[in-house]
Amino acid sequence: MKKFTILDHELVPKHVLLTKEEKRELLERLAIRPDQLPWIRASDPVAKLIGAKPGDIVKIIRKSPTAGESIAYRFVVP
Amino acid sequence: MRGRKITLNTLKEKIQQLSSELPDSIIKELERELTKVLDKLTASSLEKITSEVVRQYREAMVEPGEAVGTVGAQSIGEPGTQMTLRTFHFAGIRELNITLGLPRLIEILDAKRVPSTPLMRIELDEKTRYDKAKAEELARKIQHITLENVAHSISIDFGQQLVLLRLDEELMKDKRVTLEMVLNALNKHKVGAVEEIVEREETPEGTKKKIIELAIPLPEAVEITKLVKLRQKILNIKLKGIKGLKRVVVKEVVRGGETFYYLEVEGSNLQGILNNLDELEGIDPTKVMTNNINEIASVLGIEAARNAIINEMTNVLREQGLDVDVRHIMLVADLMTMTGKVRQIGRHGVSGEKASVLARAAFEVTTKHLLEASVRGEEDPLTGVIENVVIGQLIPLGSGMVELRVRHGGR
């Protein structure tokens, strides 16, 4: 059996670390500075598990009761 | 029938093209419903249906400049006035007491570190959930048991310099604690070697009781004041279970003709459960829940905390029979988790950290904010709603959000 990590927990949505290219494309599309996104701390247990460092952007694929699936982004801050 | 019929594949293709325009749930519903009437569908009617769906979806979207926060606040606030002020749920001796209603809602919004009634819900895995005996065994494993729970009495004998700890065998049997476990625990906490073990039978009021008396010598040169502490220390020694989980109740659910069991726990220790998964075989770790939102934030992360806020608030409101749209609750949860930490809605959180001085002063402790801002020489660019209400200017919302800029000397 696969060992349980907190990423498997029902409450934790899928977190994906964006590549540099994806990051640039996102900020261009939304025309914002990264710090205008919601934040996630680098000390966040999920951020630690996926290896997010301050300055990265994490894409979060949430299960939404209204939209089925919705995508959010969080900027990794120390 | 007029028109060209279409195949299932072209239908799916056509609908998938809309995925950039419509959310996932609508795409799925559209596909499901249209597949049912596939034989009546023509290319032109499909086109009409999809464009109408897209049009209506766009119409239902929030427009730029809409005061979503104010609408959300009122949509939660008004039903809130109809909530029971104090509801405590007592139902029989085996049931747990849960804070519900308005007090609980306030607790969630205040991001209280520890809820007044911490509670966990532990679901069991597919193999175990139908087995009551296994559920009860797990419940006993989880429950935190200290010496106090199995002790009959404890006293200090100054004459012989002994601590006399009397264990109730009936309680020990009930809690599945053996004498060996007690001795090991005493040894581990270095309270002193047990000198003597006496088994006795006491018959208070005619009932027989088997008592095991342990004699522990006092440490040398101990002060009287420290003796009280020593006594408490001995009683608090952990024998088994997970810290903080005071009572575990096996609950039964009947759904669709099947009976399954889950555990409801008074007290909360998410990390404790997740750390001891090897010993607690049979529980479903993906579904371990607690009502302590700050604990979820520190163990499972900020996104899990966001989901927990939404779930908890929805449950409280639904339990009171209030129908509040989740979108308002999601907005609140988003705002509370914006900075990567759970912030309360109030002076020490969202409202107290606003950029504008006037907005902060309009909320609570007006003079303090105005004084401090003037000492520091703060500026207010008047970009928010509240500060513009304060000074009597047009607020930047709706049509007030539009600004006109003219390029000087431009074409």
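Numbers restart at 1 for each chain; the letters A, B, ... are given by sequence-line order, proteins then strands. Because only heavy atoms are used, hydrogens play no part in the values below, and waters and symmetry mates are left out as well, while side chains stay in.
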Neighbours of chain A found in residues 271-286 of chain B - heavy atoms under 4.5 Å |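 Interface residues of residues 271-286 of chain B: B:L274, B:L277, B:P285, B:T286.
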Option in B:D325, B:N311, B:V299 with maximal non-hydrogen atom pairs under 4.5 Å from chain A =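 Between B:D325, B:N311, B:V299, the count favours B:V299.
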Crowded around [X] [atom1]? As in, over 12 foreign heavy atoms under 6.0 Å?
| X | atom1 | result |
| --- | --- | --- |
| B:D323 | CG | no |
| B:R255 | CZ | no |
| B:R55 | CZ | yes |
| A:K23 | NZ | yes |
| B:E63 | CD | no |

Within a strict 4.5 Å, meaning less than it, do heavy atoms of the A:T66 and B:M330 side chains meet?
->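 Yes, side chains in contact.
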Do A:R74 and B:T337 touch side chain to side chain, with heavy atoms closer than 4.5 Å?
->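 They are in side-chain contact.
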Distance from [X] atom [atom1] to [Y] atom [atom2], nearest 0.5 Å?
| X | Y | atom1 | atom2 | answer |
| --- | --- | --- | --- | --- |
| A:K63 | B:D24 | NZ | CG | 12.0 Å |
| B:N307 | A:R62 | CG | CZ | 7.5 Å |
| A:I40 | B:T339 | CD1 | OG1 | 11.5 Å |
| B:R306 | A:L11 | CZ | CG | 11.5 Å |

Give the minimum heavy-atom separation between A:V12 and B:A304, together with the two atoms involved.
->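 Looking at all heavy atoms of both residues, the closest pair is CG2-CB, 4.0 Å.
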For the student: nearest non-hydrogen atoms of B:S298 and A:P45, plus distance |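 Smallest interatomic distance, heavy atoms only, reads O-CG, 3.4 Å.
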Report the option among A:A47, A:P65, A:A72, A:S43 that has the most heavy-atom pairs separated by less than 4.5 Å from atoms of chain B.
->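 Among the listed options, the one with the most contacts to chain B is A:P65.
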Interface moiety of A:S70 toward chain B, non-hydrogen atoms closer than 4.5 Å =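 No part of it gets close to chain B.
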Side chain / backbone / both / neither for A:I60 at chain B, heavy atoms under 4.5 Å |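 Looking at A:I60, just its side chain touches chain B.
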Contact origin within B:I296 toward chain A - heavy atom pairs under 4.5 Å =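 Side chain only.
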Contacting moiety of B:A297, where chain A heavy atoms sit under 4.5 Å |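 When you check distances to chain A, only backbone atoms of B:A297 fall under 4.5 Å.
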